[in-house]
A.B. asks: 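Okay, handing you the structure first.
Just so we're on the same page: letters track the sequence lines, and every chain starts at 1. Computed from a prediction, not measured in an experiment: that's the story for all the values here.
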Number of protein chains: 2
Amino acid sequence: MKNISKEDYLSAIYKLRDEAGEIKPNIIAENLEISPAAVTDMLKKLSTDGFVQYKKYKGIKLTAKGERYAVHMIRKHRLWETFLFEVLKMPWEKIHSEAEKLEHSSSDELVDKLEEYLNYPKFDPHGYPIPDKNGSLPKHKPVIALSELRKNDKGTIARISDFKSELLVYAAKQGLSLGQKFTVKDKLDFDGSVIIKINTNEVSLSKKIASNIFIVMEE
Amino acid sequence: MKNISKEDYLSAIYKLRDEAGEIKPNIIAENLEISPAAVTDMLKKLSTDGFVQYKKYKGIKLTAKGERYAVHMIRKHRLWETFLFEVLKMPWEKIHSEAEKLEHSSSDELVDKLEEYLNYPKFDPHGYPIPDKNGSLPKHKPVIALSELRKNDKGTIARISDFKSELLVYAAKQGLSLGQKFTVKDKLDFDGSVIIKINTNEVSLSKKIASNIFIVMEE
DNA sequence: ATATATTTTTAAGTGAACTTAAATATTAAA
DNA sequence: TTTAATATTTAAGTTCACTTAAAAATATAT
Ligand SMILES: [Mn+2]
Ligand SMILES: [Mn+2]
Ligand SMILES: [Mn+2]
Ligand SMILES: [Mn+2]
């Protein structure tokens, strides 16, 4: 294939399915920051190429081939992120957009060597699982959005959405980092914001922010 | 800028100037493996953007701005090559084409970190000098093509053209590697081929091959 | 159920980087 | 110096990934 644009569509569709369930052209358009018309256009191409199943006005679904390709791209992305963060020590909030470009410019051979060099990491710096060469994801405990928790629930931060660097900067400033334990002190009915306690600090997070932070519940 | 194609034109023009002296559209076309018409097209754009000085049917020259940009791209290219070879241990003959893509997909910040991680290398794995952040090239002894030497001349291999992986594979197989010392045993008037002695081995190289191997003469 | 709003698709058009074929300049040879 | 060969440019057309505006389908609200 080797086509930046198509590759990003496939990753986006794959990721949106996990998050949003049913995938509609509009969501893809928003996600990729392009017009809905462009999405329709591309869906037709991806469909003729056998990467998605697409009937107009009906749903969008990756084919087995499309899914394989998407996972493959996600693998590249996350391995690059890990390299940039762990090895080059680039800032947490910059690695995503950098990897967004590198993923399209590196051969499988290169990425496999990178994986080896990084010693087969299982999660990227934002907590997302890294698919292996065969496309299998590492086993991990189920994560849920922090916004789903209720008062007095305890958990550990496992993942933070990486698509907006502003969120990452903000999260870091609030002391939210992967592996951090916390307790939900309160949740406001009014606007859905949550107050959590991290160590001795209390931090208040808007509903939108809380829904972009994923955690593992304490049993 | 951020435009793969334009970036490759600029590097090509810069490198061709060193090798070929006067730069003509045809040479660029050959080098980039595109039609001469495409070159004319692009030269107009690069000219309006102030990267080259170009009057039709007259010569082509990089402006100061164009030269800065070209050196900048070459820096990225050579640092990536060094990383791929030294750190990831990718094969010598594959790193060039890989770097050819990566150079367009990495920010300055990333490349600066890469340089730091590599501990400020001065030459890439094929022996080309790596420009520093300011665009200055490291000091180095003058290199000349092996094809220019005469019988009994002695030298050290300092650089091997990287644009054709076949040449690199062949060179390696013949025992030609950077830093290798040799003596010219003979040079045939007939076809310009040279016979050199490396350690105890005698190797015969065609004129074309010899002209792609650069050496430092022994004083 | 009908009207209204929203989503999706179609239509038409753009800019970038190419192509091939034809026209025009330049350079080299007779 | 006229002719022939070669190099370069122009012209016209293609593909890709977009755009905006309008049309059509679907979803929602009264
Ligand atoms: Mn990411
Ligand atoms: Mn991308
Ligand atoms: Mn190279
Ligand atoms: Mn390149």
Side-chain angles (χ1 to χ4, degrees), chain A residues 1-14 16-17 19-62 66 69-70 73 97 100-101 103-105, chain B residues 1-14 16-17 19-62 66 69-70 73 97 100-101 103-105:
Chain A
M1 185 187 277
K2 188 70 312 215
N3 190 304
I4 294 184
S5 194
K6 280 184 185 159
E7 293 181 340
D8 278 336
Y9 277 86
L10 291 178
S11 303
I13 294 170
Y14 180 92
L16 285 169
R17 187 202 46 184
E19 292 163 26
E22 258 246 282
I23 304 156
K24 308 289 201 64
N26 252 354
I27 315 177
I28 303 174
E30 259 175 56
N31 203 260
L32 297 176
E33 300 183 280
I34 52 178
S35 72
V39 175
T40 304
D41 240 45
M42 185 59 84
L43 285 172
K44 284 182 197 159
K45 291 181 207 161
L46 288 171
S47 174
T48 14
D49 295 350
F51 289 103
V52 301
Q53 230 182 283
Y54 165 68
K55 284 263 186 298
K56 57 176 165 169
Y57 294 111
K58 298 282 168 269
I60 296 155
K61 233 184 78 189
L62 291 175
Y69 204 102
M73 290 312 298
S97 64
E100 203 51 66
K101 296 175 287 165
E103 63 190 4
H104 311 290
S105 312
Chain B
M1 184 186 277
K2 187 67 312 215
N3 190 303
I4 294 183
S5 194
K6 279 184 185 157
E7 292 181 342
D8 278 336
Y9 276 87
L10 291 178
S11 303
I13 294 170
Y14 180 92
L16 285 168
R17 187 202 46 186
E19 293 165 25
E22 258 245 283
I23 304 157
K24 308 289 201 66
N26 252 353
I27 316 176
I28 302 175
E30 259 174 56
N31 202 260
L32 297 176
E33 301 183 280
I34 52 177
S35 72
V39 176
T40 303
D41 239 46
M42 185 59 84
L43 286 172
K44 284 182 199 158
K45 291 181 207 160
L46 289 171
S47 175
T48 15
D49 294 352
F51 289 103
V52 301
Q53 231 182 282
Y54 165 69
K55 284 263 187 299
K56 57 175 166 170
Y57 294 110
K58 298 281 168 270
I60 296 155
K61 233 183 79 188
L62 291 175
Y69 205 102
M73 290 311 299
S97 64
E100 203 52 64
K101 296 175 288 165
E103 62 190 4
H104 312 290
S105 312

A.B. asks: Is the shortest side-chain N/O distance from A:Asn26 to OP1 or OP2 of C:dT8 below 4.0 Å?
C.D. replies: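 For C:dT8, OP1 or OP2 has a side-chain N or O of A:Asn26 closer than 4.0 Å.
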
A.B. asks: Check whether more than 12 heavy atoms from other residues, nucleotides or ligands sit under 6.0 Å from atom CD of B:Glu100, and answer yes or no.
C.D. replies: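 Atom CD in B:Glu100 is packed in, count exceeds 12.
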
A.B. asks: Can you measure from NZ (A:Lys45) to CZ (A:Phe51) and round to the nearest 0.5 angstrom?
C.D. replies: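 With rounding to 0.5 Å, NZ (A:Lys45) is 13.5 Å from CZ (A:Phe51).
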
A.B. asks: I need the NZ-P distance between A:Lys56 and D:dA23, as an integer number of Å.
C.D. replies: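 Roughly 16 Å, once rounded to whole Å.
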
A.B. asks: Given atom NZ of B:Lys55 and atom C1' of D:dT8, what is their separation to the nearest angstrom?
C.D. replies: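 In whole Å, D:dT8 C1' lies 16 Å from B:Lys55 NZ.
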
A.B. asks: Rounding to a whole Å, what distance do you find between A:Lys44:NZ and D:dT15:P?
C.D. replies: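 Going from A:Lys44 (NZ) to D:dT15 (P), I get 16 Å.
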
A.B. asks: To the nearest Å, how far apart are B:Glu22 CD and C:dT26 P?
C.D. replies: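 From B:Glu22 CD to C:dT26 P: 14 Å.
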
A.B. asks: Output the rounded distance in Å from CD1 (A:Ile27) to C1' (C:dT8).
C.D. replies: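 Distance, rounded to whole Å: 13 Å.
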
A.B. asks: Taking the side chain as C-beta and beyond, is there a heavy-atom pair between B:Leu43 and B:Ile13 under 4.5 Å?
C.D. replies: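 Yes - at least one pair of side-chain heavy atoms lies under 4.5 Å apart.
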
A.B. asks: B:Leu43 has an atom CG; how far is it from atom C1' of D:dT10, in whole Å?
C.D. replies: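 In whole Å, D:dT10 C1' and B:Leu43 CG are 14 Å from each other.
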
A.B. asks: So how far is it from A:Thr40 OG1 to A:Tyr57 OH, rounded to the nearest 0.5 Å?
C.D. replies: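 One gets 8.5 Å once the value is rounded to the nearest 0.5 Å.
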
A.B. asks: Can you name the residues that form a side-chain hydrogen bond (donor to acceptor under 3.5 Å, both in side chains) with A:Asn31, not counting sequence neighbours?
C.D. replies: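 In terms of side-chain hydrogen bond (donor to acceptor under 3.5 Å, both in side chains), with neighbours along the sequence ignored, A:Asn31 is linked to no residue.
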
A.B. asks: Indicate for each nucleotide in nucleotides 14-24 of chain C, in 5' to 3' sequence, whether protein heavy atoms under 4.0 Å reach the base (B), only the sugar-phosphate (S), or nothing (-).
C.D. replies: --SBBBB---B

A.B. asks: For B:Ser5, check side-chain contact (heavy atoms from CB on, under 4.5 Å) against everything at least two apart and list the hits.
C.D. replies: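 For B:Ser5 the side-chain contact (heavy atoms from CB on, under 4.5 Å) partners, ignoring immediate neighbours, are B:Asn3, B:Tyr9, B:Met42.
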
A.B. asks: Within less than 4.0 Å of OP1 or OP2 of C:dT9, is there a side-chain N or O belonging to A:Tyr54?
C.D. replies: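 Affirmative; the distance criterion is met.
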
A.B. asks: When the distance from CD of A:Glu7 to C1' of D:dA17 is rounded to whole Å, what number comes out?
C.D. replies: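 Checked: the CD to C1' distance equals 14 Å.
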
A.B. asks: Just how far, in rounded Å, is P of C:dT9 from NZ of A:Lys58?
C.D. replies: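 Going from NZ in A:Lys58 over to P in C:dT9 covers 10 Å.
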
